[in-house]
Amino acid sequence: MCNMTFEETSGENSSERMESVPKALEEVLSSALPQGCITVGVYEAAKSLNADPDNVVLCLLATDDEEDVALQIHFTLIQAFCCENDINILRVSNMRRLAEILGGVKSGGEPIDLHCVLVTNPQSSLWKDPALSKVTRFCRESRCLDQWVPVINLPDR
């Protein structure tokens with residue numbers, strides 16, 4: 001149920017929220033990573049979503065290249081699955097920053113596929129964390145505004 005006032009969806013409150021959501025997302029990723037609650041890669045994410053969708057709390061789709069048709073088809077399918085299963089989903093720009101947050105390379109030195117990143121539910125109290133609550137609230141409010149897959153720009157450091 002979406003009961004937002006005009007003041008909540010526009011103005012300074014909205015711009016402040018837009019600036020704080022990328023920071024909250026960084027906090028969520030940084031705290032989930034050491035707990036092993038991150039799945040990266042389109043195919044790995046699809047397997048994880050198929051096996052246990054109830055365990056996924058957030059799906060990130062990231063690209064700096066809008067021209068890749070195959071990737072866009074994968075994104076469309078993942079978005080549909082996430083919407084069907086009430087999984088919060090965000091489109092993330094600035095893959096370089098995402099790679100910095102998540103470590104960015106496999107042990108062999110090759111880059112990892114960060115086009116799809118899942119955050120899964122840990123067995124700890126991390127998800128009482130206000131950062132995840134802020135990201136979840138942003139996703140919910142965006143859906144109320146018919147923005148089913150909001151875009152977040154991760155700022156450079």
Side-chain angles (χ1 to χ4, degrees), residues 15-143 147-157:
S15 64
E16 288 173 17
R17 185 169 42 244
M18 280 303 297
E19 290 176 12
S20 67
V21 172
K23 291 176 187 168
L25 179 59
E26 285 189 41
E27 289 177 34
V28 168
L29 294 172
S30 297
S31 56
L33 188 61
Q35 294 188 51
C37 296
I38 299 284
T39 301
V40 295
V42 172
Y43 297 110
E44 292 79 5
K47 286 189 271 184
S48 181
L49 285 167
N50 188 46
D52 191 8
D54 294 335
N55 196 37
V56 178
V57 295
L58 183 62
C59 176
L60 306 177
L61 300 176
T63 184
D64 290 332
D65 177 19
E66 300 292 326
E67 302 287 322
D68 188 342
V69 174
L71 186 60
Q72 295 307 316
I73 291 170
H74 287 296
F75 281 4
T76 300
L77 294 171
I78 291 170
Q79 288 173 22
F81 188 89
C82 289
C83 288
E84 182 73 23
N85 288 279
D86 295 321
I87 297 169
N88 290 315
I89 185 167
L90 290 171
R91 195 79 185 239
V92 177
S93 61
N94 197 347
M95 284 188 66
R96 188 176 51 74
R97 179 66 187 130
L98 185 61
E100 289 172 5
I101 296 168
L102 296 177
V105 292
K106 291 182 183 176
S107 56
E110 67 182 71
I112 56 176
D113 174 14
L114 294 174
H115 290 107
C116 185
V117 177
L118 299 181
V119 179
T120 55
N121 210 359
Q123 304 306 323
S124 74
S125 62
L126 166 73
W127 300 127
K128 308 265 188 281
D129 181 3
L132 181 64
S133 296
K134 183 176 282 191
V135 172
T136 300
R137 187 171 46 253
F138 174 76
C139 290
R140 187 177 58 242
E141 290 172 358
S142 294
R143 283 191 301 270
Q147 296 173 356
W148 291 92
V149 185
V151 177
I152 297 293
N153 183 28
L154 292 174
D156 288 321
R157 291 273 166 152

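Worth knowing before you read on, the calculation uses all heavy atoms, side chains too, and leaves out hydrogens, waters and symmetry mates.
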Practice item. List in chain and number order the residues that pass side-chain hydrogen bond (donor to acceptor under 3.5 Å, both in side chains) with N153, two or more places apart in sequence or in another chain; answer none if no residue qualifies. Key: S93
Check your understanding: What's the spacing between L25 CG and I101 CD1 if we round to 0.5 Å?
Key -> 6.5 Å
Practice item. Would you please name every residue forming a side-chain hydrogen bond (donor to acceptor under 3.5 Å, both in side chains) with T76, sequence neighbours left out? Key: none
**Study point:** Heavy-atom check, side chain of S20 versus side chain of K134, under 4.5 Å
**Key:** yes
Exercise for review: Please check if the side chain of D113 supplies one atom and the backbone of H115 the other of a donor-acceptor pair under 3.5 Å.
Suggested key: yes
**Study point:** Value rounded to 0.5 Å, distance of SG in C59 from CG in N85
**Key:** 11.0 Å
Review point. What is the minimum heavy-atom distance between P150 and I89, and which atoms define it?
Key: CD-O, 3.6 Å
Revision key, fill the gap. side-chain contact (heavy atoms from CB on, under 4.5 Å) filter on T136, not counting sequence neighbours, yields N88, L132, R140
Check your understanding: Quick one: side-chain contact (heavy atoms from CB on, under 4.5 Å) partners of L33, sequence neighbours excluded?
Key -> I38, L102
Exercise for review: Please lay out, stage by stage, how D52 and T120 fare under the test side-chain contact (heavy atoms from CB on, under 4.5 Å).
Suggested key: CA-CA 10 Å; D52 191 8; T120 55; over 6 Å; no
Exercise for review: Would you please name every residue forming a side-chain contact (heavy atoms from CB on, under 4.5 Å) with A62, sequence neighbours left out?
Suggested key: V92, M95, L98
Revision key, fill the gap. One should read off an interatomic distance between L114 CG and L61 CG, to the nearest 0.5 angstrom, of 12.0 Å
**Study point:** Between CD1 on residue I73 and CG on residue D68, distance to nearest 0.5 Å
**Key:** 9.0 Å
**Study point:** Full working for side-chain contact (heavy atoms from CB on, under 4.5 Å) between L49 and I87
**Key:** CA-CA 10 Å; L49 285 167; I87 297 169; 3.6 Å; yes
Point to revise | Pairs involving residues 88-100, ordered by first then second residue, that meet salt bridge (Lys or Arg N to Asp or Glu O under 4.0 Å) (sequence neighbours left out) | key: E26-R97, E66-R91, R96-E100, R96-D156, R97-E100
Study note, to complete from the structure: Separation between CD1 (I78) and SG (C83), nearest 0.5 Å, reads 12.0 Å
**Study point:** From C116 atom SG to L71 atom CG, the distance as rounded to the nearest 0.5 Å
**Key:** 9.5 Å
Practice item. Test side-chain contact (heavy atoms from CB on, under 4.5 Å) on F138 and L90 and set out the steps. Key: CA-CA 10 Å; F138 174 76; L90 290 171; 3.8 Å; yes
